[in-house]
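Input: a single structure, listed below in structure tokens.
Computed from a prediction, not measured in an experiment: that's the story for all the values here. In what follows, every chain begins at residue 1, and chains take the letters A, B, ... in the order their sequences are listed.
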Amino acid sequence: MGAYIVRRLGQGLLVLLAVSFICFVIFQYMGDPAWALAGRYATPKQLELVRQKLGLDKPFYIQYIIFLKNAIRGNFGMSFVSRLPAMQVILERLPATFELAFMAMLLAVTFGVGLGVLVSVSPNSLFSRLIMAGSLIGISIPTFLTGILLIMIFAVELRWLPPFGRGEVIRIFGGWRSGLLTWDGFKHLILPAFTLSTYQLAVLLRLTRAGMMEVLGEEYIKTAWAKGLPPRSVLFKHALRNALIPVVTMIGLQFGELIAFSIVTETVFQWPGMGNLLLSAIFESDQPVIVSYITFVSLVILSLNLLVDLLYVFINPKIRYA
Amino acid sequence: MRKVGIVLVAFGLFLGIGVGAQTIEKVVIGLSAPPRTMDPHGSDADSNLSIMSNIFEGLARRDVNGNLLPALAVSWERVDPYTWRFYLRKGVKFHNGNDFTWEDVAFTFERLKDPGVSEFLATGQLVKSVQPVDGDPWVIDIVTTRPVAWFVQNMHQIFIMDKESTEARSPGEVASYPIGTGPYKFVEWIRGDHLTLVANEDYWGGPPPVKKVVFKEIVDSFTRLAAIETGTVDIIQDIPLELFDRAKANPNLLIVTRPARRGMFLGMKQTPEYPMHDVRVRKAIYMAINVQELIDKVMFGHASPAAQIADPPTVGYNPEIKRLPYDPETAKKLLAEAGYPDGFSVTLKAPTDRYPRDEETAEAIAKQLAKIGIKVTVDAKPKAIYFPEVTHHDVELYYLGWFDGAYSAMRTFTKLVHSYDEEAGFGLFNAGDISDKLLDYLIEQSDTIVDPDLYVEWSQMTNRIAFEWKVVYIPLFYLEDSYAVYKPSGINFTPRPDTWMTIVDVIQP
Amino acid sequence: MHRGRVLRHFLRDPSAVTGAAILLLFVMGAILAPLIAPQNPYDLETLRLADSLKPPIWMEGGERPFLLGTDEQGRDILSTILYGCRTSLTVAFGVVLVAGTFGMVMGLLAGFYGGFIDAIVMRLADVFYSFSTTLMAILVLGLLKQKGVLVLILAISLTDWVRYARTLRGTVLAIKEEDYIDAARALGAPTHRLIFRHVLPNAVPPLLVVAAVDFGVVIMLEATLSFLGVGLPVTEPSLGMMISIGRKYVYAGKWWLIVFPGLALTAIVVGINLVADWLREEINPRIQKAVKGR
């Protein structure tokens, strides 16, 4: 087990290295950050000055080595736009993104798995058919369109919910500001969280249903029914436990997807999170912020994947890592 | 009766001023372009200076009408072509309690030269020295590296920083917690969300009437309008043109507009390899553009036609310059005469995130030029990529806007029209490589003119030659600045010509 | 698989038929766009600004020939949808072709030769899979200056090949276990023959399912990327770009700018997913869970 984790961590580091290198290759083709710093009226000479100061005039590989050295110390440079440490700029947006993603995941898992089980029990009922039709739309409609439609209906037409932003936030500890603790903050979270969860919800629902239907056909479930065990016990204790394995795999694999779609959702709802920041950084050629974002997101994805792998062991005791 | 009234009014005024009864507790403003940094030298964008002008002050300032007034300097004079003498204001304190001294001024101009923290490198490099005169710390001479007639005209946007606290803190801290001398003190900045300022009760100009200001960052135009419709904010900048009618129809909203100073135009590459080298081709493009249609259909009526780049208050604005008529038939003939009966292909570059409906305008122009046979490929990209291409002269046709902060058409021409000469600092924004001996001469000579009337006439003549005869640029239209005020808030709002949200100027209790 | 039987099964499944019909409708519309569209929305010469922002024909102010209204540049919405489908479908076909081919080659290599190649391919596959095609495409396209159909296809394929490689590798490994392969090997059958005779025929059905699902995913992805402003240029609007343009007018009550392209986009993907669902059940009811992700 220990050796396994060490091996996975090693692989993770290699991946991080590769990721940072790819970032740098692509940067060579980006807009000139020196211009952004020297101001719109800078002469070529002044631009040269800025390049020297930032080390942008040095050969590519030296810039990369400088970057790596600093990265190990947690220093990803100053944002070209805000002139603040780039990693700090990213991390202060973390609470907003985390709360959004967490709520979305909660919705997706609860309703995805819950409805999936319900639908699998009576696959031909009207309710199940409606849910399945809904799930089909759910996997066929892009996140940004869901968001826009929800805004059109619930914010513009009905005026029930706010169309943008995070609302009132309360500082919990350190720099963490939460929108979950105020009614206003919660209202702001509903539409974006639902938007972000739609696709995952539909995928998990379909997966749970498929898994359940397969498991429900197995002999041991039939035996359980025959023994007269209560339905709740049969469904959730015996069947779901086995049907859940592919679902957990999927949840693990969906983190990258969740992050990607949080970029989209944050853009649609003007949510002050990391994804929103990433897009503006991309459009402003804010290299240090982009690199920090990618590095941070890679770290998160890799560690979550590891976590899911370990979680397996608990769900399915048959799996052992040598 | 009348007498009593006057007495009462006078008494009221006395109370109002004396006790400060007319205060507003809080104003919330929806910003279209959020601040980028809290470092007053870190960004030269008006959207950033706008915010900074509440926390910091320059040696001079500009009022709601654009007039230059004293601020941290009580007066100034030009001692000789190279030397500007400033008489500093005494008894001013920074928000941290430090006294404002001449050393802060000297420190500020030195700091402008550091590309790591400053976007005002050009201004920084103009300054040779800052020294007290005859040992009097309240009188300083700023010596420039070359004669600069408009030097003081720029002093409203060079904000003075506290030497001690700026040197003591890291650049990151300086850029996140500003300490100035201005009427407002910094409270917090939640990036991507809002910035909060409170009144500086010890301000040398007296306590400001608005006690708390919250700037909300609402970049997306339709969410910004939604915010003011629900009263979440009191004032918004830049009503989205797409939704103007909706905003107007809302009884809760007061729409405030004023002609923007910025003139929009098309630049053209004019080196001999390009068709636009021929003035007939430039005129043909000019005449093929239906500017009224652009204004009506793309800008939804919120722009006015321009026949030159300078706006009316600019010295050198010439009301006699007329637009060439919209006439695609003549345009075709001119093209044929110039040897392009079947038109030609050209790329039109434009930013996607700089001016209102920039990308859409470029697309519409492409459509209009297609009708006289010029095949235009629109190459629209974010400003962070677009502007470097302009400064590197990597353009064929390009869409740009300009206004002169120092109200001088010849200062604009020095940058946009004069042949490129890096050493002398000429033509730095002359991306089309315009090179016209006559215009060069006229622009250079304008600097030597002392008589103000002659200077105006000379500038107007140069302007007219450039736009009517030489057609060096194709002027399109002036933009319109727009704001919406939430009426129930009862706020009195007057916009500034430079679009800055300087609260003490723009909000009257 | 027996052709006649498959067709019979297909015709007996109403949702599969519906899906295929929707798909056919849009594919035909896309192919025939130059013939049936009232306007060529990419041809700047014929567009008139005077026609901009007209509502659908049945509303007050609606005008012939703009059945579903026009956008801010005077483009007919119906025509732009047809041409937009063309772009969307081209990108999707392109990705399936490029990523599919590359992925199959990598999958074969990994499955057949195992060892080092297998380790590398599978590691890459894991990483790309967990980073998700969408995230990688946003990052890559956001950093590149260029925009265009080809760039888009390549940027998506950069990570998308992984799903094909995984599927094919799985099939190869399963087949390698079979006795008759050992026999064929023992008889000295050359590798390419093994591949074409035994591996590919068995790998086609699962690959078809992957391709079908992928097709729908890529169409949504293209729309998302164009919506974010990192996909296709604005002068040649795809469905995602149309929605992005229309978003500015949501508050102005100009709903047709979003609703029609949105409907078209969702309908295409629903059609594809219906067919993909049927295909999956038809080929192997148990394969379901293996191919569901992205």
Please determine, among Leu302(A), Val297(A), Val264(A), the option with the most heavy-atom pairs under 4.5 Å with chain C. Val264(A)
Aromatic contact between Phe215(C) and Phe93(C), with the criterion being ring centroids under 6.0 Å apart: yes or no? yes
Do Glu266(A) side-chain atoms and Gly275(A) backbone N/O form a donor-acceptor pair below 3.5 Å? yes
With a 4.5 angstrom heavy-atom cut-off, is it the side chain or the backbone of Ile141(A) that approaches chain C, or both, or neither? both
With a 4.5 angstrom heavy-atom cut-off, is it the side chain or the backbone of Val268(A) that approaches chain C, or both, or neither? both
Checking Trp256(C) now: which residues fulfil ring pair (Phe, Tyr, Trp, His ring centres under 6.0 Å) with it, not counting sequence neighbours? none
Is a donor on one side and an acceptor on the other found under 3.5 Å between the side chain of Ser120(A) and the backbone of Val117(A)? yes
Where on Leu278(A) is there a heavy atom nearer than 4.5 Å to chain C: the side chain, the backbone, both, or neither? side chain
Thr143(A) portion near chain C, given a 4.5 angstrom heavy-atom threshold: neither
Taking only residues at least two apart or on different chains, which pairs with a member in residues 12-26 of chain C satisfy side-chain hydrogen bond (donor to acceptor under 3.5 Å, both in side chains)? Asp13(C)-Ser15(C)
